[in-house]
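Scope of the values below: all heavy atoms of this structure, side chains included, with no hydrogens, waters or symmetry mates.
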Amino acid sequence: MSADGNVVTAPQVGTEADWWRGAVIYQIYPRSFQDTTGNGIGDLKGITGRLGYIADLGVDAIWLSPFFTSPMKDMGYDVSDYCDVDPVFGDLSDFDALIVRAHDLGLKVMIDQVLSHSSDQHPWFRESRLSRDNAKSDWYVWADAKPDGTPPTNWQSVFGGAGWTWDPKRCQYYQHNFLTSQPDLNFHNTDVQDALLDAVRFWLERGVDGFRLDTVNFYFHDQQLRDNPPMGSAGNDVPEMNPYGFQDHQFDKTRPENIGFLKRFRALLDEYPNTTAVGEVGDGDRSLKTMAEYTADGDRLHMCYSFDMLGPEFSVAHFRKCVEEFEKASQTFGGASSWPCWAFSNHDVIRHMTRWADHADDQVQLAKLAGAILMSVKGSVCIYQGEELGLTEAELEFDELTDPYGINFWPEFKGRDGCRTPMVWESNAPSGGFSSGQPWLPVKTPHLAMAANGQAGREDSVLEQYRRFLAFRRTRTSLIAGDIKFLDWPDGLAFIRCDGDEATLCVFNLTKETVTFAAPKGHRALTDHGFAASVSDDDITLNNHQAYFAAL
């Protein structure tokens with residue numbers, strides 16, 4: 001049931017086998033979506049109860065952030081059992097019911113797979129750290145200290161500090177790209193690969209339609225344990241004050257052996273028709289190239305996304321550069337099969353409505369324009385929960401934080417809690433209708449004014465614009481799976497999407513000024529997308545943050 005009371009079914013894109021190509025995927029952060037128990041933490045039953053709202057939005061799939069058994073040191077991205085549901089979220093029967101309901105509504109279900117590392121509470125690691133010669137002694141990345149007792153390499157943790165921790169039982173260091181409680185699995189051991197693929201198969205057998213692969217380029221490490229060379233300045237995947245960005249990460253991630261595992265992963269998916277995978281690539285300035293390589297040849301991943309559009313840049317040059325550099329890189333790896341997935345917000349970054357706030361006087365119009373840009377460029381799309389409401393980053397105090405990343409770098413970097421606060425369903429209900437109890441993160445007053453119940457049915461709202469534009473997008477196959485060609489226009493962003501005989505002109509004014517675009521001859525204005533532009537023959541006048549669409 002949607003926010004306005006309607007039960008709907010989400011239509012599917014393209015053929016069943018390639019539903020993912022150009023699909024719109026709605027990311028759900030389970031802790032913050034809907035609590036049904038009153039403990040202040042969202043759960044699987046809560047998600048199931050809100051699936052009608054998501055289907056009504058018009059997306060094709062949902063992506064669930066981790067709900068597996070975990071000590072929650074990194075909010076579920078530290079898995080202690082890959083094949084069970086953490087009790088805080090429910091149980092396997094709740095997950096099965098979610099799958100059934102989603103499929104009844106025409107929604108695909110994708111789930112996070114955190115394969116690069118586990119929790120230190122996982123039975124595999126507990127056994128591995130007992131000795132150097134037990135059955136799982138080589139399941140994690142262990143190495144001797146240097147002669148002076150220091151770590152074996154200069155590798156850093158993304159969350160700050162050395163990427164190695166000393167274990168007094170084994171008298172060795174173990175590698176961790178993130179928290180010390182998230183030891184890295186040793187993918188050079190094929191037994192590890194087999195065990196992880198068995199876990200993936202477990203969820204395929206339960207009916208999932210795909211996976212989002214966390215830190216997909218972090219799986220392998222350099223077996224020679226070579227030091228990373230300096231980068232010179234922070235990379236684009238971490239805050240500037242984080243020394244992780246000072247290194248060129250040649251040896252602790254994006255190793256060539258990763259391709260072989262991706263092929264094994266894809267071969268498993270191919271046993272289950274109509275399934276898919278999207279990989280998260282964090283590779284600094286190389287991310288777009290890595291995205292193209294990891295989706296090449298039709299035997300690796302179906303799609304990847306990076307952090308290139310998840311940063312502070314809001315400009316014609318930046319959006320065009322991201323898409324064109326991916327297109328260029330994909331040609332290097334064969335072209336046709338490589339496929340991107342773009343996002344402006346997710347659970348790891350400041351919400352884009354806050355990142356880009358200085359670029360608009362009208363925040364509602366900015367939210368509408370951003371959504372249209374994201375859903376018009378070539379690629380699949382991830383929409384993060386609340387993005388369709390125009391949610392901004394929540395301002396939290398230090399004592400409200402739960403994210404170890406933010407706690408470690410406060411106040412220069414406030415962490416990821418500000419984008420993870422609960423979904424706001426009802427403006428006049430306690431905690432915005434998220435929970436009857438005290439939420440795990442606070443619901444801030446500015447968010448209540450953007451609640452779903454206040455936007456549903458209001459034609460000028462961000463929510464209704466998302467619904468409207470998603471419906472419009474489905475009428476144009478070129479906007480879903482078509483190729484892209486950019487047009488040189490100094491005043492804004494313009495490109496043509498082509499699929500067979502259908503071509504769609506897309507024009508966006510990213511400025512606060514009124515601009516004029518000279519449209520190609522023979523263009524025919526399209527309607528029902530929610531944007532207004534003044535058309536005089538071939539001259540298109542766009543007010544600030546407006547868009548224009550036409551058939552060619």
Going by atom types only, do [X] and [Y] share a side-chain donor-acceptor pair under 3.5 Å?
X    : Y    : value
T165 : H176 : yes
N274 : W19  : no
D198 : Y82  : no
D78  : S70  : yes
D417 : T402 : yes
Q121 : R126 : yes
S380 : W339 : yes
W440 : S32  : yes
D43  : T36  : yes
S119 : Q182 : no
T290 : D283 : yes
D252 : Y244 : no
D86  : T69  : no
D112 : Y77  : yes
D308 : H318 : no
S345 : H352 : yes
Y305 : R212 : yes

Could you tell me how the ring of [X] sits relative to the ring of [Y]: parallel (under 30°), tilted (30 to 60°) or perpendicular (over 60°)?
X    : Y    : value
F413 : F409 : perpendicular
F178 : H117 : tilted
W342 : F326 : perpendicular
H359 : F314 : tilted
F125 : Y174 : perpendicular

Is a side-chain N or O of [X] found less than 3.5 angstrom from the main chain of [Y], in a donor-acceptor match?
X    : Y    : answer
S376 : A372 : yes
D18  : R21  : no
D84  : D81  : no
H529 : F469 : no
E412 : P239 : no
N258 : V216 : yes

Nearest 0.5 Å, please: how far is [atom2] in [Y] from [atom1] in [X]?
X    : Y    : atom1 : atom2 : value
I28  : S65  : CD1   : OG    : 9.0 Å
L463 : L57  : CG    : CG    : 6.5 Å
L369 : W356 : CG    : CH2   : 9.5 Å
K253 : N217 : NZ    : CG    : 5.5 Å
D361 : L366 : CG    : CG    : 10.5 Å

Which pair of non-hydrogen atoms, one from [X] and one from [Y], has the smallest distance, and what is that distance?
X    : Y    : value
Y29  : M75  : OH-CB, 3.4 Å
L51  : L98  : CD1-O, 3.8 Å
C304 : V278 : CA-CG2, 4.0 Å
G433 : R50  : O-NH2, 4.1 Å
L44  : V85  : CD1-CG1, 3.8 Å
M423 : L389 : CE-CD1, 3.8 Å

Electrostatic pair [X]-[Y], nearest N-O below 4.0 angstrom:
X    : Y    : value
D358 : K512 : no
K414 : E393 : no
D60  : R474 : yes
K368 : D362 : no
R458 : E464 : no
R468 : D528 : no

Just so I know, are the side chains of [X] and [Y] near enough to count as touching, which here means a heavy-atom distance under 4.5 Å?
X    : Y    : value
F549 : R476 : no
E280 : F307 : yes
D35  : I41  : no
F211 : L269 : yes
I111 : F68  : yes
H347 : R416 : no
Y405 : W410 : no
V158 : V238 : yes

Take Y140 and Q175 through the test side chain to side chain donor-acceptor pair (under 3.5 Å) and record every step on the way to the result.
CA-CA 8 Å; Y140 291 81; Q175 186 199 8; over 6 Å; no
Does NZ belonging to K444 count more than 12 external heavy atoms closer than 6.0 Å?
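Result for NZ/K444: enclosed.
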Taking it one step at a time, do Q27 and I383 satisfy side-chain contact (heavy atoms from CB on, under 4.5 Å)?
CA-CA 6 Å; Q27 182 193 354; I383 295 174; over 6 Å; no
Run the side-chain contact (heavy atoms from CB on, under 4.5 Å) test on Y26 and E388 for me, step by step, so that the C-alpha distance in whole Å, both residues' side-chain angles and the decisive distance to 0.1 Å come before the verdict.
CA-CA 10 Å; Y26 187 94; E388 77 282 7; 2.9 Å; yes
Given the side-chain rings of F67 and W203, with only the six-membered ring counted for Trp, is the space between their centroids under 6.0 Å?
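Ring-ring flag for F67/W203: true, centres closer than 6.0 Å.
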Please lay out, stage by stage, how M110 and I25 fare under the test side-chain contact (heavy atoms from CB on, under 4.5 Å).
CA-CA 9 Å; M110 302 175 67; I25 304 162; 3.8 Å; yes
Apply ring pair (Phe, Tyr, Trp, His ring centres under 6.0 Å) to F531 and F472, showing your working.
CA-CA 11 Å; F531 291 95; F472 164 72; 9.2 Å; no
Please evaluate residues L197 and R201 with respect to the criterion side-chain contact (heavy atoms from CB on, under 4.5 Å), reporting the C-alpha separation (whole Å), side-chain torsions for both, the decisive distance (0.1 Å), and the verdict.
CA-CA 6 Å; L197 292 175; R201 187 184 293 277; over 6 Å; no
